Amino acid sequence: MKVAINQSNYISWRGYFDMIRSVDLYILYDDVQYTRRDWRNRNKIKTAHGTKWLSIPVSVRGKYFQKIKETTISNKLWNIRHLKTLKGSYSKAVCFPFIENLYLTANFETISEINFHFITAICDYLDIKTEIVFSSDYDLTNEHKTDRLIDICKQARATEYISGPLAKDYVDEDKFNNEEIKLTWMDYSGYLDYPQLHGDFVQKLSILDLLFNCGKDSIKFI
């Protein structure tokens, strides 16, 4: 059983979905602290005038230790505004009706619910069959970063844990070895450029840019 554990991101880049595709079980790590100015509630698209952030407004004032799953939306018209921006750059895309429907039905209270809505729908569109659940579905008491990840892996009966390379700064590989769980680092290199609107190719944009440019063929570039 291959397992990955990662925080939920808003319309994340193709590497995020590559990781989902590479495992049997993908666990959204949403019972950890929400981090500001991060990928939880924002991502970049490309316009005729360059890259642009799409950010979902969330309630953070005075809530320094709230978890991702507790972070609520502060402006319920965010989806209409994002959709208007997307129409300005990608309205002629074949898959635009699919994305439009995702936004029009994204009427949720928390960023966690919104991200799950987009992640699961996009996986379905790309025919990615990986099961996606939340870390809060597991019984977790250990607060040490590596031990907590191992607890989840053991409860999920993982034989291999796939991790992003940035986690090398804090993950204790020896602890995974001691539990006989293979630790594999995700490799994000080697992605092919895809046909992209609006000038020179820009890397690491939201998955939406790939979908709008390539539709169902997007899976070839993941």
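It should be emphasised that the depicted structure is a prediction, and the values quoted were computed from it without experimental measurement. Position 1 is the first residue of the sequence, and the numbers go up from there. Because only heavy atoms are used, hydrogens play no part in the values below, and waters and symmetry mates are left out as well, while side chains stay in.
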Please lay out, stage by stage, how K87 and E100 fare under the test salt bridge (charged side-chain N to carboxylate O under 4.0 Å, His left out).
-> CA-CA 9 Å; K87 282 183 177 179; E100 181 178 38; 3.4 Å; yes
Trace of the side chain to side chain donor-acceptor pair (under 3.5 Å) decision for D139 with Q155 = CA-CA 8 Å; D139 183 18; Q155 291 182 48; 5.7 Å; no
Evaluate the criterion salt bridge (charged side-chain N to carboxylate O under 4.0 Å, His left out) for residue pair K67 and D30; output intermediate values, then yes/no.
-> CA-CA 7 Å; K67 297 178 181 180; D30 278 9; over 6 Å; no
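Remark: of the listed residues K46, R14, Q196, Q196 is the sole one forming a side chain to side chain donor-acceptor pair (under 3.5 Å) with D209.
Between Y188 and W13, the ring center distance clears the sub-6.0 Å criterion. Remark: aromatic rings of F221 and Y191 are distant, center separation not under 6.0 Å. If you look at F201 and Y194, their ring centroids are closer than 6.0 Å.
Connection of I111 to W53 is not established within any shared hydrophobic cluster, with ILVMFWY side chains joined at heavy-atom distances below 4.5 Å, either directly or through further cluster members. Placement of L205 and L102 in two distinct hydrophobic clusters is found when ILVMFWY residues are connected by side-chain heavy-atom separations under 4.5 Å, directly or transitively. No path of Ile, Leu, Val, Met, Phe, Trp and Tyr side chains, each step under 4.5 Å between heavy atoms, connects V94 with I219, placing them in separate hydrophobic clusters.
A salt bridge is defined here as a Lys NZ or Arg NE, NH1 or NH2 lying under 4.0 Å from an Asp or Glu carboxylate O, and K145 with D147 fails to meet this definition. Taking the charged nitrogens against the carboxylate oxygens, D217 and K220 do have a contact shorter than 4.0 Å, which makes a salt bridge.
Looking only at atom types and distance, the side chain of D172 has no donor-acceptor partner in the side chain of T146 under 3.5 Å away. For H117 and Y103, the side-chain atoms include no donor-acceptor pair closer than 3.5 Å. Between Y16 and N6, the side chains place no donor N or O within less than 3.5 Å of an acceptor N or O (distance only, hydrogens not considered). A donor atom on one side chain and an acceptor atom on the other are not found under 3.5 Å apart for N115 and R40. Of the N and O atoms on the side chains of E109 and T72, not one donor lies less than 3.5 Å from an acceptor on the other residue. Side chain to side chain, Y64 and R36 fail the donor-acceptor criterion of an N or O pair below 3.5 Å. No hydrogens or angles considered: nothing links the side chains of N213 and Y90 as a donor-acceptor pair under 3.5 Å. Neither side chain, R21 nor T130, offers a donor N or O lying under 3.5 Å from an acceptor on the other.
Listed for the E179 side chain is no donor-acceptor partner under 3.5 Å among the backbone atoms of F176.
Taking CG from L197 and CZ from F212, the interatomic distance works out to 10.5 Å, rounded to the nearest 0.5 Å.
Using a 4.5 Å heavy-atom cutoff, the side chains of E70 and T110 are not in contact. When side chains are defined from C-beta on, L208 counts as touching I99, because their heavy atoms get closer than 4.5 Å.
Of all the heavy atoms in I27 and F134, the pair that sits closest is CG2-C, 3.9 Å. Annotation for I114 and W78: closest pair CD1-CZ2, 3.6 Å, computed over non-hydrogen atoms.
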